[in-house]
Chemist: 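Here it is: the structure, laid out below.
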Amino acid sequence: NSFCTLLAFAMNGTIIDTLAKVAEVYRSNGVVYRYKAYRTAIDTIKGLDFEITSADQVKGLKGIGKGMIDKIAEILRTGALQQEKDVTSDPVNQALRLFTSVHGIGPVLARQLVEQGYRTLEDLKAAHLPPAARMGLAHYEDGKERIPFAEVEDHLAHMRQLMHGAVDPALIPVVCGSHRRLGPTSGDVDVLLTQPLSHSQAASKYVYLRLVVKALRDAGYVP
DNA sequence: GGGACCACGCATCGCT
DNA sequence: AGCGATGCGTG
DNA sequence: GTCCC
């Protein structure tokens, strides 16, 4: 519950943060399964209702095997994880993490860019980038912006208006994602569009998509 | 030991 | 040009 | 890295 989350047990927090750092490095290097393994272990620790004082306490829990036990033990013993210090201080890893945080740049492209000598987002402006990555870079700061709850409401109202008027009055926009869970802010707005009669109109499968995109485009939502 | 670990759209590649 | 395979990135 | 056959 939020109570536990709020005053997270200090040592658990250290463990979680440390493992998350290492996980992030793996992710930005394209080592997806190892990344996922870390995430699983992290989620398990996040769910604990007690503070870890000995690695044995989490032995056997989901996603925690020998490797994680050893890392947790080291963190408990020394207050930190040497592996974490090593990987995060490496300049190449730092660049990889930075680049892969750009929408449209994954581990492979990031690696190529680093090999070409690029290190900062400023550098990337001069790089040859695929359209998607170019777009991600141009909107990098904006993409990190959070959307206040009230603003999401405005977007939804606008959306309903658009769907009703320009597409099909029967279309029902359903909110999903963080906003539906009443989060104070959202990173994006997830909307599911349903049409009660669509089951009997299989042939019109793609029609709505085009209409919806056009409506959003005319409204200035999409370029 | 050794393989699975999410599914899918889009771009690109190699082959015919 | 057409098609499956592969690589890459995303939610 | 962890899990499972």
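Every chain is numbered from 1 and lettered A, B, ... according to where its sequence line falls, protein lines coming before strand lines. These numbers were taken from a predicted model, which means no experiment stands behind them.
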Chemist: With a 4.5 Å cut-off on side-chain heavy atoms, are A:Leu129 and A:Leu113 touching?
Modeler: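 Yes. Closest side-chain heavy atoms under 4.5 Å.
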
Chemist: So, do A:Ile72 and A:Ile45 sit near enough that their side-chain heavy atoms are less than 4.5 Å apart?
Modeler: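 Of all side-chain heavy-atom pairs linking A:Ile45 with A:Ile72, at least one is under 4.5 Å.
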
Chemist: Are A:Thr120 and A:Leu124 packed together at the side-chain level, in the sense that at least one heavy-atom pair is separated by less than 4.5 angstrom?
Modeler: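 No, their side chains stay 4.5 Å or more apart.
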
Chemist: Does some side-chain heavy atom of A:Phe9 sit less than 4.5 Å from a side-chain heavy atom of A:Leu48?
Modeler: no

Chemist: A side-chain contact here means heavy atoms from C-beta on lying under 4.5 Å apart; do A:His139 and A:His103 qualify?
Modeler: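 No, their side chains stay 4.5 Å or more apart.
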
Chemist: So do A:Val174 and A:Val191 actually touch side chain to side chain, heavy atoms under 4.5 Å?
Modeler: no

Chemist: Look at all strands and tell whether A:Tyr35 reaches a base, only sugar-phosphate, or nothing, counting heavy atoms closer than 4.0 Å.
Modeler: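 Nothing, no heavy atom under 4.0 Å.
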
Chemist: Check every nucleotide of DNA chain C for an atom under 4.0 Å from a heavy-atom of chain A, then give the first and the last such nucleotide from 5' to 3'.
Modeler: C:dC8 to C:dG11

Chemist: At a cut-off of 3.5 Å, list every protein nitrogen or oxygen paired with a nitrogen or oxygen from nucleotides 6-11 of chain B, distance to 0.1 Å.
Modeler:
unit_1, atom_1, unit_2, atom_2, d
B:dC6, OP2, A:Lys36, NZ, 2.2

Chemist: Quantified in whole Å, what is the P atom distance between nucleotide C:dG7 and nucleotide B:dA4?
Modeler: 16 Å

Chemist: Please give me every residue in residues 71-104 of chain A whose heavy atoms get under 4.0 Å of an atom in DNA chain C, ordered by residue number.
Modeler: A:Val102, A:His103, A:Gly104

Chemist: Using the 3.5 Å cut-off, write out each protein N or O paired with an N or O of nucleotides 2-5 of chain D and the distance between them.
Modeler:
unit_1, atom_1, unit_2, atom_2, d
D:dT2, OP1, A:Gly65, N, 2.8
D:dT2, OP1, A:Gly65, O, 3.2
D:dT2, OP1, A:Gly67, N, 3.4
D:dT2, OP1, A:Met68, N, 2.7
D:dT2, OP2, A:Gly67, N, 3.0
D:dC3, OP1, A:Gly63, N, 3.0

Chemist: Over all strands shown, is A:Pro107 touching base, sugar-phosphate only, or nothing at heavy-atom distances under 4.0 angstrom?
Modeler: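 Sugar-phosphate contact only - A:Pro107 comes under 4.0 Å of backbone atoms but never of a base.
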
Chemist: Using distance only, find each side-chain donor-acceptor pair of residues 21-33 of chain A under 3.5 Å and give its atom names and separation, not counting sequence neighbours.
Modeler:
unit_1, atom_1, unit_2, atom_2, d
A:Glu24, OE1, A:Arg27, NE, 3.2
A:Glu24, OE2, A:Arg27, NE, 3.3
A:Glu24, OE2, A:Arg27, NH2, 2.6
A:Tyr26, OH, A:Gln83, NE2, 3.4
A:Arg27, NH2, A:Thr100, OG1, 3.1
A:Ser28, OG, A:Glu24, O, 3.2
A:Ser28, OG, A:Val25, O, 3.0
A:Asn29, OD1, A:Arg111, NH2, 2.6
A:Asn29, ND2, A:Val25, O, 2.8
A:Asn29, ND2, A:Asn93, OD1, 3.1

Chemist: Under the side chain to side chain donor-acceptor pair (under 3.5 Å) rule, what pairs show up with a residue in residues 125-138 of chain A, not counting sequence neighbours?
Modeler: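 Qualifying pairs: A:Glu122-A:Lys125.
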
